[in-house]
**Q** 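Sharing a structure below in structure tokens format, with a few things to ask.
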Amino acid sequence: MSDAGQTLSRHADFDWEDFRQQWLNRLANPSLRLSTRLLLDEVSRVMPYAVLPVIQERLQKGLIIDRHARVVAAWLRHLMRVASALAVSDDPGSKVLVDQVRALGGESADPFVLAERLLSMPEVFGAWLADDLEFRRCVTQQLLDLLDAFPSATRLHTSA
């Protein structure tokens, strides 16, 4: 959260420390049994409003976006699993992405093709990020790192 603070000055009246603590408490509460899928479905709902504008602002300020790109890459990885399971995402806004991922092969999709196709969609990422080569490079690299670190049984991806 500390690096996010560099781009949150316009929300100075919001208590970010309280938000951070509430979020950590929620994650630590074993009675909630928060699954990765539930968390990623929540990220899916807030991605266009909370994560992507921060990435755009960081890029405009010349700041690194690796951690933020990792969030987007994890979301794409989640969509790959949803598409492969023939499941329906709880977020109707993700339907267009799930359909694209499914058409590309779900979990067996080529990560470069998948990233190129999805990240260039202005209706999801806005024209400003869809055209930003640094954004697309960072997210693609983070997706490759995730696929290498957490390969699925159905995936044949290998590092070069």
Side-chain angles (χ1 to χ4, degrees), residues 1 3-8 10-11 19 23 26-27 34-160:
M1 294 267 294
D3 61 342
Q6 298 173 28
T7 58
L8 296 174
R10 66 175 176 241
H11 304 289
F19 171 79
W23 184 249
R26 184 173 173 217
L27 291 174
L34 294 173
S35 68
T36 303
R37 166 133 192 209
L38 177 65
L39 292 173
L40 286 168
D41 278 343
E42 285 187 21
V43 166
S44 191
R45 283 186 207 50
V46 302
M47 183 71 66
Y49 312 105
V51 178
L52 299 180
V54 171
I55 292 173
Q56 179 189 16
E57 196 169 329
R58 290 183 66 81
L59 285 167
Q60 289 170 342
K61 291 181 176 185
L63 300 171
I64 61 169
I65 61 163
D66 290 347
R67 291 183 197 174
H68 303 81
R70 185 79 159 193
V71 172
V72 177
W75 181 47
L76 296 181
R77 180 67 179 107
H78 166 67
L79 295 174
M80 291 171 77
R81 287 193 175 146
V82 170
S84 291
L86 299 178
V88 177
S89 175
D90 294 337
D91 173 30
S94 294
K95 184 181 182 335
V96 67
L97 289 172
V98 170
D99 290 346
Q100 286 285 324
V101 173
R102 196 168 283 141
L104 292 170
E107 285 194 273
S108 62
D110 179 300
F112 291 103
V113 173
L114 182 129
E116 181 64 27
R117 175 90 47 94
L118 298 183
L119 297 175
S120 64
M121 295 175 68
E123 64 271 29
V124 177
F125 295 99
W128 34 270
L129 283 179
D131 289 338
D132 192 292
L133 295 178
E134 178 63 8
F135 167 69
R136 289 163 58 181
R137 185 198 65 75
C138 282
V139 174
T140 301
Q141 185 57 57
Q142 293 293 334
L143 179 60
L144 290 168
D145 290 351
L146 283 173
L147 291 170
D148 285 340
F150 304 102
S152 74
T154 62
R155 184 159 184 77
L156 299 176
H157 173 72
T158 59
S159 296

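Along the sequence shown, residues carry numbers from 1.
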**Q** Any idea which heavy atoms bring Gly105 and Ser84 closest together, and the distance?
**A** O-OG, 4.4 Å
**Q** Let me confirm one number: the CZ-CG distance from Phe125 to Leu97, rounded to the nearest 0.5 Å.
**A** 6.0 Å
**Q** Answer yes or no: is there a donor N or O on one side and an acceptor on the other, between the side chain of Arg81 and the main chain of Glu107, under 3.5 Å?
**A** no
**Q** Where do Ala109 and Leu114 come nearest, in terms of heavy atoms and distance?
**A** CB-CD1, 3.8 Å
**Q** Return the minimal non-hydrogen interatomic distance between Leu119 and Arg136, and the atom names on each side.
**A** CB-CG, 3.7 Å
**Q** Please report the shortest heavy-atom distance between Trp75 and Val124, naming the atom on each side.
**A** CH2-CG1, 4.0 Å
**Q** Testing Val139, Leu59, Asp132 for side chain to side chain contact (heavy atoms under 4.5 Å, CB included) with Ile65, which one passes?
**A** Leu59
**Q** Could you tell me the separation between the CD atom of Gln142 and the CZ atom of Arg137, rounded to the nearest 0.5 Å?
**A** 9.0 Å
**Q** Distance check, rounded to the nearest 0.5 Å: Leu143 atom CG versus Arg70 atom CZ?
**A** 9.5 Å
**Q** Taking atom CZ of Arg117 as the centre, does the number of heavy atoms from other residues, nucleotides or ligands within less than 6.0 Å exceed 12?
**A** no
**Q** Between NE2 of His68 and CD of Glu57, what distance do you get to the nearest 0.5 Å?
**A** 10.0 Å
**Q** Nearest 0.5 Å please: distance from the CG atom of Leu146 over to the CG atom of Leu76.
**A** 9.5 Å
**Q** Measure the spacing between CD of Gln141 and CG of Asp145 and express it to the nearest 0.5 Å.
**A** 4.5 Å
**Q** How far apart are the closest heavy atoms of Trp128 and Leu52, and which atoms are they?
**A** CZ3-O, 3.5 Å
**Q** Could you tell me which non-hydrogen atom of Val98 sits nearest to which non-hydrogen atom of Ala83, and how far apart they are?
**A** O-CB, 3.8 Å
**Q** May I ask you to decide if Leu63's main-chain N or O and Arg58's side chain share a donor-acceptor pair within less than 3.5 Å?
**A** no
